[in-house]
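Here is the structure we will look at.
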Amino acid sequence: MPDPYRIWLSEVMLQQTTVAAVKDYFLKFTTLWPTVQDLAAAEDADVMAAWAGLGYYARARNLLKCARVVAAEYMGVFPSDRDSLQTLPGIGPYTSAAISAIAFDLPETVLDGNVERVMARIHAIETPLPTAKPELMALAQALTPLKRAGDYAQAVMDLGATICTPKNPVCGICPWRDGCEGHATGIAPELPRKLAKKAKPTRRGIAYVLRNSNGDWLLETRPEKGLLGGMLGWPGSDWSEAPVAAPPVSTGWEAAGMEVRHTFTHFHLILEVMTARADIDPDIGKFVPHHAFRPSDLPTVMRKVFDVAKHRFE
DNA sequence: CACGCGTGGGA
DNA sequence: TTCCCAAGCGT
């Protein structure tokens with residue numbers, strides 16, 4: 001049997017994330033924390049730092065919560081049934097089915113974006129997502145085998161990731177081409193249809209990068225909830241149309257000269273970067289010693305700020 | 001239940 | 001440059 005801990009970890013990392021992006025993180029996590037008990041015993045800050053750059057940071061917070069529940073209430077043994085799995089933090093309909101099927105060989109139907117796309121195409125479903133989801137689930141259930149449902153699920157997901165791709169599907173080499181109604185009618189590449197998305201607004205903000213005379217960096221741990229929750233970051237203004245400057249100390253701030261641009265799920269952000277050196281005790285955050293500071297512990301937008309600011313201290 | 005929540009890569 | 005995403009979940 002595959003190690004349920006590793007299946008769970010990989011499935012959570014793969015939520016809305018490509019295999020290429022996950023690979024190194026999976027190796028890092030399994031090296032640092034080989035078992036769910038090891039992960040459960042880890043420091044929050046270490047787990048968040050190890051997750052930095054992978055995005056959707058609520059996944060990391062829930063990952064740790066889940067590990068601690070499994071360690072404390074399940075004696076370190078993951079449950080095998082969907083219903084129990086789905087009560088755990090960060091495990092929803094997709095992940096519970098994937099763990100049941102892949103780790104425990106139970107005949108659960110795994111429905112992710114790949115399976116939705118493959119089902120929509122082979123059955124030529126023109127109903128747009130998310131409306132079509134229940135229909136696609138029923139079609140996926142009808143095809144799920146009683147044996148090796150996990151292998152089957154991974155095969156369909158691999159098909160969706162490599163051949164039945166969102167754009168430019170390679171129908172010429174597809175093993176399901178003959179039975180594919182979408183291919184027969186020539187609309188496969190357009191499926192699944194989706195409702196139009198909202199445009200992303202642009203917000204602005206100011207980030208403050210402060211070092212003291214020891215070379216330590218002023219950073220804050222962001223609140224648990226919300227954007228970049230629980231992650232390290234530079235103190236700054238709010239992010240809005242008209243940000244209100246809020247430097248952590250009153251001193252001679254200088255603009256770094258280059259803006260940082262970053263796009264989140266639902267808005268574009270343009271950050272002005274201000275830098276200063278001062279030994280004033282700040283109200284916000286705390287100085288991280290020079291030797292303990294690793295830019296790789298920061299979420300990507302904060303690492304971009306560092307990349308712009310660091311030249312000011314050379 | 002619609003929305004908030006990251007990132008890097010490809011077209 | 002800009003847009004589209006990719007193995008979803010929580011609220």
Side-chain angles (χ1 to χ4, degrees), chain A residues 6-26 48 51-63 65-66 85-103 108-119 129-131 133-134 136-137 140 150-162 164-169 189-190 192-203 222-231 233 239 260-270 296 298-304:
Chain A
R6 288 173 173 252
I7 301 300
W8 162 71
L9 178 60
S10 63
E11 291 301 340
V12 172
M13 286 184 169
L14 285 165
Q15 290 167 6
Q16 298 288 283
T17 310
T18 59
V19 172
V22 162
K23 191 180 173 190
D24 289 346
Y25 286 88
F26 182 78
M48 299 312 288
W51 194 279
L54 195 53
Y56 283 135
Y57 297 100
R59 291 185 297 170
R61 302 194 299 274
N62 286 327
L63 188 83
K65 284 183 195 167
C66 181
L85 285 165
Q86 215 164 309
T87 66
L88 297 168
I91 299 183
Y94 163 76
T95 307
S96 63
I99 296 172
S100 278
I102 296 169
E108 298 291 353
T109 297
V110 176
L111 187 68
D112 72 335
N114 288 307
V115 179
E116 287 177 355
R117 185 168 59 255
V118 172
M119 292 300 116
L129 285 170
T131 310
K133 194 155 182 165
L136 298 173
M137 179 51 139
D151 288 341
Y152 165 78
Q154 293 190 85
V156 178
M157 290 190 282
D158 284 345
L159 182 74
T162 60
C164 197
T165 47
K167 286 179 266 189
N168 306 317
E190 304 165 25
R193 303 200 191 282
K194 295 183 179 179
L195 267 26
K197 298 181 177 176
K198 287 187 196 172
K200 290 179 183 180
T202 297
R203 300 184 190 171
R222 298 171 61 86
E224 281 289 305
K225 297 200 172 189
L227 191 64
L228 308 179
M231 299 300 293
W239 296 345
V260 163
R261 289 170 182 271
H262 190 76
T263 299
F264 292 101
T265 313
H266 53 296
F267 66 94
H268 303 290
L269 177 65
I270 301 173
S296 61
L298 302 174
T300 298
V301 65
M302 298 298 176
R303 189 175 44 69
K304 287 183 181 176

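Every chain is numbered from 1 and lettered A, B, ... according to where its sequence line falls, protein lines coming before strand lines.
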Fill in: Donor-acceptor pair (no angle test) under 3.5 Å: A:Y94 side chain, C:dG8 base
no
Worksheet item: In terms of side-chain heavy atoms, does A:Q86 have a donor or acceptor partner in A:S96 at a distance below 3.5 Å?
Response: yes
Practice prompt. Could you check which nucleotide pairs with B:dG10 in any of the strands shown, counting Watson-Crick or G-U wobble with both distances under 3.5 Å?
Written response: C:dC3
Item to complete: Take atom NZ of A:K133 and atom C1' of C:dC9, then tell me their distance rounded to the nearest Å.
Response: 10 Å
Worksheet item: Touch check for A:K198, heavy atoms < 4.0 angstrom, all strands: base, sugar-phosphate only, or nothing?
Response: sugar-phosphate
Practice prompt. Would you tell me if any nitrogen or oxygen in the side chain of A:H266 comes within less than 4.0 Å of OP1 or OP2 on B:dG4?
Written response: no
Worksheet item: Just checking A:D158: base, sugar-phosphate only, or nothing, at a heavy-atom cut-off of under 4.0 Å?
Response: base
Worksheet, complete the sentence: Rounded to whole Å, CG of A:L9 lies from C1' of C:dG8 at a distance of 16 Å
Discussion item. I'd like to check A:W51 versus A:Y25 (side-chain heavy atoms, cut-off strictly below 4.5 Å). Are they in contact?
Written reply: no
Practice prompt. Answer yes or no: are there more than 12 heavy-atom neighbours, outside A:K200 itself, under 6.0 Å from its atom NZ?
Written response: yes
Worksheet entry | Any A:Q15 side-chain N or O less than 4.0 Å from OP1/OP2 of C:dG8 | no
Worksheet, complete the sentence: Closest to the 5' end of DNA chain C, once A:N62 and A:T263 are matched to their nearest nucleotides, is A:T263
Response to the item:
A:K23 atom NZ is separated from B:dG8 atom C1', nearest whole Å, by 16 Å
Discussion item. Quick one: does any side-chain atom of A:T17 pair with a main-chain N or O of A:Q15 as donor and acceptor, under 3.5 Å?
Written reply: yes
Worksheet, complete the sentence: In whole angstroms, the gap separating P of B:dT7 from OH of A:Y25 amounts to 9 Å
Discussion item. Return whichever of A:Y57 or A:P130 has its heavy-atom-nearest nucleotide of DNA chain B closer to the 5' end.
Written reply: A:P130
Worksheet item: If you check every side-chain atom of A:Q16, which of B:dG6, C:dG8, C:dG10 has the closest atom?
Response: C:dG8
Worksheet item: Between A:T95 and C:dC9, is there a side-chain N or O to OP1/OP2 distance below 4.0 Å?
Response: yes
Worksheet item: Among C:dC3, B:dG6, B:dT7, which is the nearest nucleotide to the side chain of A:P299?
Response: B:dT7
Fill in: P atoms of C:dT11 and B:dG6, separation to the nearest Å
14 Å
Practice prompt. Counting heavy atoms from C-beta on, name the nucleotide in C:dC4, B:dG8, C:dC5 closest to the side chain of A:K167.
Written response: C:dC4
Worksheet item: What does A:R117 touch in the nucleic acid at a heavy-atom separation under 4.0 angstrom: a base, only the sugar-phosphate, or nothing?
Response: sugar-phosphate
Discussion item. Tell me the interatomic distance from A:H268, atom NE2, to C:dT1, atom C1', rounded to whole angstroms.
Written reply: 11 Å
Worksheet, complete the sentence: Between CD of A:E116 and P of C:dG8 the distance, given in whole Å, is 9 Å
Practice prompt. Round to a whole Å and report the spacing from NZ of A:K225 to P of B:dC5.
Written response: 12 Å
Worksheet item: Does the side chain of A:H262 get closer than 4.0 angstrom to OP1 or OP2 of B:dT7 through an N or O atom?
Response: yes
Item to complete: Compare the minimum distances between each of C:dC5, B:dG8, B:dA11 and the side chain of A:K197, then state the nucleotide with the smallest one.
Response: C:dC5
Worksheet entry | Polar side-chain contact A:T18-B:dG8 base: donor and acceptor under 3.5 Å | no
Worksheet item: Should the ring pair A:F264 and A:H262 be called parallel, tilted or perpendicular, given that the plane angle runs from 0 to 90° and is split at 30 and 60?
Response: perpendicular
Practice prompt. Answer with base, sugar-phosphate or nothing: what part of the nucleic acid does A:I91 contact at a heavy-atom distance below 4.0 Å?
Written response: sugar-phosphate
Worksheet item: With sugar-phosphate meaning primed atoms plus P, OP1 and OP2, does A:R303 contact a base, only sugar-phosphate, or nothing at under 4.0 Å between heavy atoms?
Response: sugar-phosphate
Worksheet item: Base, sugar-phosphate alone, or nothing: which one does A:G53 contact when heavy atoms must sit under 4.0 Å apart?
Response: sugar-phosphate
Discussion item. Output the rounded distance in Å from CE (A:M157) to C1' (C:dG8).
Written reply: 13 Å
Discussion item. So A:V19, base contact, sugar-phosphate only, or nothing? Heavy-atom distance under 4.0 Å.
Written reply: base
Worksheet item: Is atom CZ of A:R261 surrounded by more than 12 heavy atoms (other residues, nucleotides or ligands) closer than 6.0 Å?
Response: no
Worksheet item: So do A:E116 and A:L129 actually touch side chain to side chain, heavy atoms under 4.5 Å?
Response: yes
Worksheet item: Of A:Q86 and A:K194, whose closest DNA chain C nucleotide lies nearer the 5' terminus?
Response: A:K194
Worksheet item: How would you label the contact of A:T300 with the nucleic acid (heavy atoms, under 4.0 Å): base, sugar-phosphate, or nothing?
Response: sugar-phosphate
